[in-house]
Visitor: 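Below is a structure I'd like to ask you about.
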Amino acid sequence: MRTASQHHLMYYFSSRRGSCKFHQAIKPGVRNSSQISFTGRGQNLQFPAPIRKTRLFVISNTDDGYACVPLLEEECNTNNAPTSEPETIFSKWSPPSFLWRGLSVLVLAGQVIIRILKGKVHWGNTLEQLERVGPKSVGVCLLTSAFVGMAFTIQFVREFTRLGLNRSIGGVLALAFSRELSPVVTSIVIAGRIGSAFAAELGTMQVSEQTDTLRVLGSNPIDYLVTPRVIASSLALPFLTLMCFTIGMASSALLADSVYGISINIILDSAQRVLQSWDIISAMIKSQVFGMIISIVSCAWGATTIGGAKGVGESTTSAVVISLVGIFMADFALSYCFFPGAGDSWKNCV
């Protein structure tokens with residue numbers, strides 16, 4: 001059995017003005033090099049050219065008793081680039097979507113606060129979003145609050161009438177509406193109607209690269225898209241909550257008077273004796289915090305949308321769900337801070 005230890009390859013090209021000769025030597029197990037030479041009119045240029053690393057091995061040929069020496073490519077590194085580093089444990093690991101999206105909410109909230117303090121607010125877009133969140137959402141908020149008030153009235157009147165506490169019904173309804181129902185119900189309606197729209201709009205702009213266009217034009221997307229929505233939600237929700245509280249109490253008094261025979265004057269007098277100014281102020285503070293949660297979460301989820309139309313739909317659904325969870329958590333924390341210990345409001349309506 002015989003093996004070839006070296007191969008010589010020679011190419012020759014000629015033209016009218018000169019000639020080119022290419023000579024290559026191949027040795028087993030050695031990184032090869034070649035040399036190209038050009039000869040012309042009084043010119044002789046030579047330079048080395050890199051050759052890919054190859055490996056030789058022998059395969060017996062039973063036909064003629066000799067060995068053939070094929071060339072097999074081992075590495076294809078024509079530009080002599082360094083090999084990549086070995087993979088580590090975290091080289092292919094990426095954080096879960098909810099983790100980096102939750103961090104994006106905090107980052108976005110900080111950027112919005114900084115931009116507001118610097119006075120970099122697009123007021124035209126802010127007024128447009130304020131009209132959208134406020135006047136255009138009044139109808140659905142008031143309708144929802146009226147039916148929620150009537151549903152609670154049915155339950156309170158049935159139970160309190162058996163105990164002979166008809167004069168306490170108005171006070172209990174007033175406390176329930178002012179402290180919990182009005183801000184929470186209003187925020188839920190706004191999260192479903194406005195929060196989903198915010199997430200869908202910003203998600204569509206993100207996947208269609210409109211936000212990149214704003215940056216190219218010299219506009220900051222935070223100033224133009226996010227900050228106006230946050231300001232509009234924070235300003236509109238307290239007034240919507242106050243109107244929902246009024247409509248809820250009015251619908252409850254009308255139902256109690258028309259169906260159960262409890263006078264409207266009794267309901268309103270009991271509510272007046274129980275309610276304090278802090279109850280209304282706390283409701284407006286809660287709704288303002290809820291508005292910030294809805295707008296920031298929805299904008300953050302929209303701004304981090306990926307995956308085209310499917311990603312926009314998933315971001316919209318997730319934004320509403322996360323906003324509702326944030327509202328309930330913030331409601332518990334604020335209620336615990338605003339109304340600690342045992343209260344004394346009940347003694348005024350008995």
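Just so it is clear, the model here is predicted, and its values are computed rather than measured.
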Visitor: Taking all atoms of both residues into account, what is the closest heavy-atom pair of Ala199 and Ala319, and its distance?
Guide: CB-CB, 3.7 Å

Visitor: With a sphere of 6.0 Å drawn around CE of Met292, does it hold more than 12 non-hydrogen atoms of other residues, nucleotides or ligands?
Guide: no

Visitor: Of Lys118, Arg115, His122, which meets side chain to side chain donor-acceptor pair (under 3.5 Å) against Asp223?
Guide: Arg115

Visitor: Can you find a heavy atom in the side chain of Gln129 that is under 4.5 Å from one in the side chain of Asn125?
Guide: yes

Visitor: What is the minimum heavy-atom distance between Ala303 and Leu202, and which atoms define it?
Guide: N-CB, 4.2 Å

Visitor: Grouping I, L, V, M, F, W and Y whenever their side-chain heavy atoms are under 4.5 Å apart, do Met329 and Trp301 come out in a common cluster?
Guide: no

Visitor: Would the distance check show the side chain of Ser282 and the main-chain N or O of Asp279 forming a donor-acceptor pair, the cut-off being under 3.5 Å?
Guide: yes

Visitor: For Ile267 and Ala253, which heavy atoms make the closest approach, and how far apart are they?
Guide: CG2-CB, 4.1 Å

Visitor: Given the side-chain rings of Phe338 and Trp278, with only the six-membered ring counted for Trp, is the space between their centroids under 6.0 Å?
Guide: yes

Visitor: If you group Ile, Leu, Val, Met, Phe, Trp and Tyr by side-chain heavy-atom gaps below 4.5 Å, do Val289 and Ile281 land in one group?
Guide: yes

Visitor: To the nearest 0.5 Å, how far apart are OG1 in Thr144 and CD1 in Ile247?
Guide: 12.0 Å

Visitor: Show, in sequence, the C-alpha distance, side-chain angles and deciding distance for Glu180 and Asp331, and conclude whether the side-chain contact (heavy atoms from CB on, under 4.5 Å) test is met.
Guide: CA-CA 8 Å; Glu180 298 297 334; Asp331 180 56; 2.8 Å; yes

Visitor: From Arg215 CZ over to Asn220 CG, what is the distance, rounded to the nearest 0.5 angstrom?
Guide: 7.5 Å

Visitor: Scan the side chains in residues 148-159 for donor-acceptor partners under 3.5 Å anywhere in the protein, sequence neighbours excluded, and list what turns up.
Guide:
from, atom 1, to, atom 2, distance (Å)
Thr153, OG1, Gly149, O, 2.7
Thr153, OG1, Ser252, OG, 2.8

Visitor: Has Ser295 got a side-chain atom pairing as donor or acceptor with Gly291's backbone, closer than 3.5 angstrom?
Guide: yes

Visitor: Give a yes or no on whether the backbone of Leu334 and the side-chain of Lys286 come within a donor-acceptor separation of less than 3.5 Å.
Guide: no

Visitor: I'd like to know if Trp123 and Ile222 are part of one continuous hydrophobic network [Ile/Leu/Val/Met/Phe/Trp/Tyr, side-chain heavy atoms within less than 4.5 Å].
Guide: yes

Visitor: Measure across Asn166 and Ile266 and return the closest heavy-atom pair with its distance rounded to 0.1 Å.
Guide: O-CG2, 4.0 Å

Visitor: If you look at every heavy atom in Thr305 and Ser315, which pair is closest and at what distance?
Guide: OG1-OG, 3.0 Å

Visitor: If only side-chain N and O atoms count, and only distance matters, is there a donor-acceptor pair under 3.5 Å linking Thr211 with Gln206?
Guide: yes

Visitor: Decide if atom CD1 of Ile116 counts as having more than 12 heavy atoms of other residues, nucleotides or ligands within a radius under 6.0 Å.
Guide: yes

Visitor: Phe245 and Ile280: side-chain contact (heavy atoms from CB on, under 4.5 Å), yes or no, with the steps?
Guide: CA-CA 9 Å; Phe245 169 74; Ile280 304 298; 4.0 Å; yes

Visitor: Under 3.5 Å, sequence neighbours excluded: what are the donor-acceptor pairs made by side chains of residues 184-196?
Guide:
from, atom 1, to, atom 2, distance (Å)
Thr186, OG1, Ser182, O, 2.7
Ser187, OG, Pro183, O, 2.7
Arg193, NH1, Ser137, OG, 2.9
Arg193, NH2, Lys136, O, 3.2
Ser196, OG, Gly192, O, 2.7

Visitor: Starting from Leu165, can I reach Phe177 by hopping between I/L/V/M/F/W/Y residues whose side chains sit under 4.5 Å apart?
Guide: yes

Visitor: With a 4.5 Å limit on heavy-atom distance, are the side chains of Ile169 and Ser270 in contact?
Guide: no

Visitor: Taking atom SG of Cys299 and atom CD1 of Ile296, what is their separation to the nearest 0.5 Å?
Guide: 8.0 Å

Visitor: Is there a side-chain contact between Lys120 and Tyr224, using heavy atoms and a 4.5 Å cut-off?
Guide: no

Visitor: For Phe147, does the CZ atom sit with more than 12 other heavy atoms under 6.0 Å from it, leaving out its own atoms?
Guide: no

Visitor: Tell me which donor-acceptor pairs under 3.5 Å the side chains of residues 228-243 have, and how far apart each pair is, sequence neighbours excluded?
Guide:
from, atom 1, to, atom 2, distance (Å)
Arg229, NH1, Leu225, O, 2.7
Arg229, NH2, Glu201, OE1, 2.6
Ser233, OG, Arg229, O, 2.9
Ser234, OG, Val230, O, 2.9
Thr241, OG1, Leu237, O, 2.9

Visitor: Would you name the heavy atoms of Ser251 and Ala146 that are closest together and state the gap between them?
Guide: OG-O, 3.2 Å

Visitor: When you compare the side chain of Ile262 with that of Asp257, does any pair of heavy atoms fall below 4.5 Å?
Guide: no

Visitor: Under 6.0 Å from the CD atom of Gln210, do we count more than 12 heavy atoms belonging to anything else shown?
Guide: yes

Visitor: Measuring from Ile327:CD1 to Ile322:CD1, what's the distance to the nearest 0.5 Å?
Guide: 11.5 Å

Visitor: Got a second to check how far Gln111's CD is from Ser104's OG, nearest 0.5 Å?
Guide: 10.0 Å

Visitor: Treating Ile, Leu, Val, Met, Phe, Trp and Tyr as nodes and any side-chain heavy-atom pair under 4.5 angstrom as an edge, say whether Leu268 and Leu181 lie in one connected cluster.
Guide: no

